[in-house]
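What follows is a single structure, written as structure tokens, with notes after it.
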Amino acid sequence: MSIYDSLGARTIINAKGTSTRVSGALLAPEVTAAMQQAGEYCVDMAELQAAASKIIAQATGAEAGIVTSGAAAGLLLGTAACVAGLDPVKMARLPDTSGLKNEVIMVRSQRNQYDHAIRAAGVHIVEVGLPDRVAGAGVRDAEPWEIAAAITERTAAIVYVAHSRSRPTIEEVARVANAKHIPLLVDAAAQLPPAANLRRFIAAGADLVAFSGGKAIGGPQGSGILCGGRDLIMSAVLQQLDMDIDWEQWSPPASLIDKSRLPGLPPHGIGRQCKVGKETIVGLLVALRRFLAEDDQSRHDRMLSLVKHLDSATGSLRNARTEVRTGGGSPSFIVTLERGSKMTGMEVCIALQNGTPSIHVDPSQAASGIIGFSPASLRPEDPAAIGRRLRELIG
Ligand SMILES: *Cc1c(COP(=O)(O)O)cnc(C)c1O
């Protein structure tokens, strides 16, 4: 009986991947053990984040970094850092940004649901470019000169959502941001693997980069990384940490928070509600170490073997083609319904979800009869169970 059963909740088979809705990644035993140990001692949270900063700096090439409660929290903290800098008065005022730099520039085609995390800092988003290529009406998207033209004395940051399809390129956007001395905040939540992407955006000229900890890194589901320049990270962590202490008693680690540069102690900041526990920080750091220790090829091979197992457990289906897909990114297993199929793609997704065991899949192409299975969060026994269920439904 799992802990979930004993609490009155059921477990699912997660063939959707590391999506938050279906609880992200599975934790390696080494990560769970580290989290358990972390819970058996107390620490000073600023000192723990300073230790995290050194490890994250080494992994990303950034000057500093902190563990956040997810990439979205990193976007809020990063935006708040760009608005408030090291001024405790501004930190205390957020999300009231009247009179402050309160505009964030984004390419229109990169707008997405996580923008809420940016707007929560009190800024409003200035959209740039007409994404013709997304509409199918043309070939163009935003261009660097349009981003440059949108910069005003109110611009707090440029936000870039990293994806292989994102335009302009990160290098082009960084050139504009760096030349105008506007901080560039990158949402790289799901850009791992390859592991080289941990360093890629900082190397290209980004000032802050947010990653998810609960996706490919394999950290606790509610974890993330925000890395970047020393001052911006100092601002972000000041707005995240619990600040319930007197100025004279407060002696934060100078490597992360240089007290001598502050006129006073800010109160709990806008990121205090995105608190991360010691177990989360330790779990993320151990997961990051494991992620870096495995090269991309072995990670790929490990995923591919799960997918192949799923392919052989499924066998051949009536009125559906099966395929092991390896091109671009992580391997996946694809079921494509053929003309004779009695069920639509979405009907199959729903039936898998409502069956026993409940199987969650990638429905993004269900309208075309294509059902995707990701190996990222599968347990070793899952491929056999999925194959059995697929044969029952459409075999
Ligand atoms: C997953 C994701 C996020 C949110 O990450 P969390 O770690 O769940 O907060 C933000 N942006 C993008 C592009 C994502 O894919």
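All residue numbers refer to positions in the sequence shown, counting from 1. Each ligand, and each atom within it, is numbered from 1 in the order the structure gives.
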Salt bridge check, [Y] against [X]: does any charged N sit closer than 4.0 Å to a carboxylate O?
{"X": "Glu153", "Y": "Lys101", "value": "no"}
{"X": "Asp141", "Y": "Arg108", "value": "no"}
{"X": "Arg140", "Y": "Glu146", "value": "no"}

Taking only residues two or more places apart in sequence or in another chain, which ones pass salt bridge (Lys or Arg N to Asp or Glu O under 4.0 Å) with Asp296?
Arg299
Can you pull out the closest protein heavy atom to [atom]? Residue, atom name and distance to 0.1 Å, please.
{"atom": "atom 15 (O) of ligand 1", "result": "Lys215 NZ, 2.8 Å"}
{"atom": "atom 4 (C) of ligand 1", "result": "Tyr114 CE2, 3.4 Å"}
{"atom": "atom 8 (O) of ligand 1", "result": "Thr20 OG1, 3.2 Å"}

Judged by modelled atom types alone, do Gln37 and Glu279 share a side-chain donor-acceptor pair under 3.5 Å?
no
Backbone or side-chain N or O of [X] under 3.5 Å from ligand 1 N or O:
{"X": "Ala71", "answer": "yes"}
{"X": "Asp187", "answer": "yes"}
{"X": "Asn112", "answer": "no"}
{"X": "Ser212", "answer": "yes"}
{"X": "Ala72", "answer": "yes"}
{"X": "Ser69", "answer": "no"}

So, Thr152 side chain and Arg154 main chain: donor-acceptor pair closer than 3.5 Å or not?
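Yes, the answer is positive, given that a donor and an acceptor are paired below the 3.5 Å cut-off.
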